[in-house]
Amino acid sequence: MTVQQDTNETLSEELDRIVIRDATEADRAVIQGLLHGSLRRNYDGDHVAQADRIIDAHLGGGTDPVGHFSKTQHVYVAEAGGEVVGVMNIAEKRQGTMKISPLIVNPDFRGSNGAGSALLAKSVEVAKERGIRQLYGTVAEPSSWIETFYLNRGWTCGSQSNSQYRPGVVEHAIYYDIDSDESAAVREPLKFEEYSPSKYEELERFLTSRMDAFVDGIDEDFVRALVAGHERRSSREVESKYKEIYLGYASDVLSSVVAFGPKKGGAVKLMPLSATSRSALRETLRFAQSWAEGRTHKLYTHQHVDPAVVTAFQSEMWTLEGLLPEAYSAGKVAAQWGWLVGETTHLGRNSDRLKAYTERLLTFVHNRGWDELEEARGLAMAVGGEAGELLAELQWLSEPEVVELLRTEREFRNKLSFEAADILNYLIRFARYCDFDLIEAADKKLAVNIDRFPVEEVHGLKGKRYKAKP
């Protein structure tokens, strides 16, 4: 796996203007400001004290006197035109890994001058020099654009945890493998073909030699039953337990096998699914995902717990859905991985983001004593007032003008989004005051509206041109 190089000439010129250097005592104030200004949005704690600790460790020869697992710590700053615009702290661990904690770029310079890319490239450079096998870090889910920054540069989202650094905030663990079987050299991609009887012996050798890694009972009888399922595929009946088997070849060498087995409810189980390498498994997962388009809403599979397998699934945006101790073999653990059609990112996929945000908002309100001043009428009026402010932004504009402004003026879009956010905030507070679940109420009202407005009666109609049922 390699850091993706941006070939855009403009970005290259901007990167050339960025200087990455060691932090000095003179940088302390600006580093304190960067950490406090950025981290306070999603992290509890004293961020100025954190800045002082990492700077002191850096200036003290790279040793953190209170770090249990850290061998060395180093703080770098990104400088543009003599101004510090970014900071990165990297901590080398005793286990051969290195944590980035944190990497922050001044908001005024994000996405514009390559400071973040230059700092991240520096972390990879240092990791290679130190013989590090993996870089890792965490990103708060509300900062989705930051995680996208990492993902676009070859990083992987490994897991997520709720309320780890602040109640109600989901934290994503991300990592980047320095040493990987993903060679920078161009490889011939796997070629997939549907199973045919002439491939039987090849299929049998492949499965019986590989699947016993975590599955008992993989023998000739299993392979014959699997092939019989493939022969029933024309029935398309779930209860017939039919299979569709595909073989993946690299230069005429069988490198992966995947069998699709539709289940009740519409999901499709991939079993068996086996590949000779991490890269072959990733290609097979991509093939499976392309197969799924238009056929199912979900793929899932059970696999043994192995670093290469886990990395492959995480890299292709599959979600770990559970662990199955001894489900397929005594003394071994299998993992269920799932993928929903249309999923292209981990951001928010396993968390209730509205619930998490509601908790943060209500904590914010409570800490300021505002909840003690609330009244139903006042909150309802506030909703109306904020709705009026949203309307005021659009009042004298034609629809073509609105569309054009949304396309060309970021400030206009921001104003609309903030007014809509104010409405949401007061609705959440109103629902809490009245003691009802806002999403549950909306879900119930949607069910009522589904009955009131049948598709065949109201499709394409607007306003009062349809006749609603009483």
Side-chain angles (χ1 to χ4, degrees), residues 32-51 101-102 104 107 110 138-147 159-173 346-395 410-449:
Q32 290 174 337
L34 285 168
L35 264 66
H36 177 70
S38 179
L39 299 181
R40 63 188 174 88
R41 295 179 175 87
N42 298 305
Y43 300 88
D44 288 336
D46 187 338
H47 307 304
V48 173
Q50 179 186 355
S101 179
I104 297 171
R110 289 176 186 164
T138 63
V139 177
E141 187 173 276
S143 302
S144 58
W145 66 91
I146 298 177
E147 182 162 332
S159 64
Q160 56 187 25
S161 176
N162 195 7
S163 301
Q164 181 162 315
Y165 293 115
R166 171 174 287 175
V169 176
V170 175
E171 195 72 15
H172 289 210
H346 288 290
L347 303 177
R349 63 183 303 177
N350 280 342
S351 63
D352 186 337
R353 298 184 69 186
L354 181 60
K355 180 179 180 181
Y357 174 73
T358 296
E359 293 176 1
R360 292 167 56 203
L361 172 67
L362 296 182
T363 298
F364 170 84
V365 171
H366 175 73
N367 288 344
R368 287 153 181 78
W370 294 346
D371 52 341
E372 299 177 6
L373 308 175
E374 291 176 341
E375 294 179 345
R377 182 172 178 271
L379 290 170
M381 291 177 65
V383 172
E386 296 300 339
E389 292 188 20
L390 176 61
L391 182 60
E393 296 292 338
L394 305 169
Q395 186 173 9
R410 178 182 298 180
E411 183 61 29
F412 178 72
R413 185 186 298 108
N414 288 342
K415 286 181 179 179
L416 297 188
S417 69
F418 277 17
E419 297 300 346
D422 285 338
I423 296 170
L424 175 64
N425 289 342
Y426 278 116
L427 279 174
I428 290 173
R429 294 171 65 180
F430 180 79
R432 192 276 302 269
Y433 183 90
C434 298
D435 194 26
F436 64 80
D437 186 303
L438 186 60
I439 296 302
E440 182 181 355
D443 194 45
K444 289 179 178 179
K445 185 60 186 292
L446 177 60
V448 171
N449 285 341

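Residues L394 and L416 are in side-chain contact: their nearest non-hydrogen atoms beyond the backbone lie under 4.5 Å apart. Considering only heavy atoms from C-beta on, S101 stays 4.5 Å or farther from T138 through its side chain.
Taking CG from L427 and CG from L438, the interatomic distance works out to 6.0 Å, rounded to the nearest 0.5 Å. For the atom pair N162 CG and E171 CD, the distance stands at 10.5 Å (nearest 0.5 Å). A distance of 11.0 Å separates CG in L362 from CG in N367, rounded to the nearest 0.5 Å. Separation of atoms CZ (R166) and CG (L39) is listed at 10.0 Å; rounding is to 0.5 Å. Between atom CD of residue E141 and atom CD of residue E147 there is a gap of 8.0 Å, rounded to the nearest 0.5 Å. To the nearest 0.5 Å, atoms CD (Q50) and CG (L35) are separated by 5.0 Å.
Ring pair F430/F436 is perpendicular by interplanar angle, where above 60° counts as perpendicular and below 30° as parallel. Taking the six-membered ring where the residue is Trp, H36 and H47 present tilted rings, their angle falling between 30° and 60°.
Contact between L379 and R429 at its shortest, heavy atoms only, is CD1-O, 3.7 Å. The two atoms that bring V365 and D371 nearest to each other are CG1-N, 3.6 Å, heavy atoms only. The minimum heavy-atom distance linking E374 with Y433 is given by the pair O-CE1, 3.4 Å. Of all heavy-atom pairs spanning P102 and I104, the tightest one is CG-CD1, 3.8 Å.
Remark: D437 pairs with no residue by the salt bridge (Lys or Arg N to Asp or Glu O under 4.0 Å) rule, at least two apart or across chains.
Taking a cutoff of 4.0 Å between a charged side-chain nitrogen and a carboxylate oxygen, K444 and E440 qualify as a salt bridge.
Within a 6.0 Å sphere centred on CD of Q395, other residues, nucleotides and ligands contribute more than 12 heavy atoms.
The main-chain N or O of A140 is never found under 3.5 Å from a side-chain atom of Y165 such that the two would form a donor-acceptor pair.
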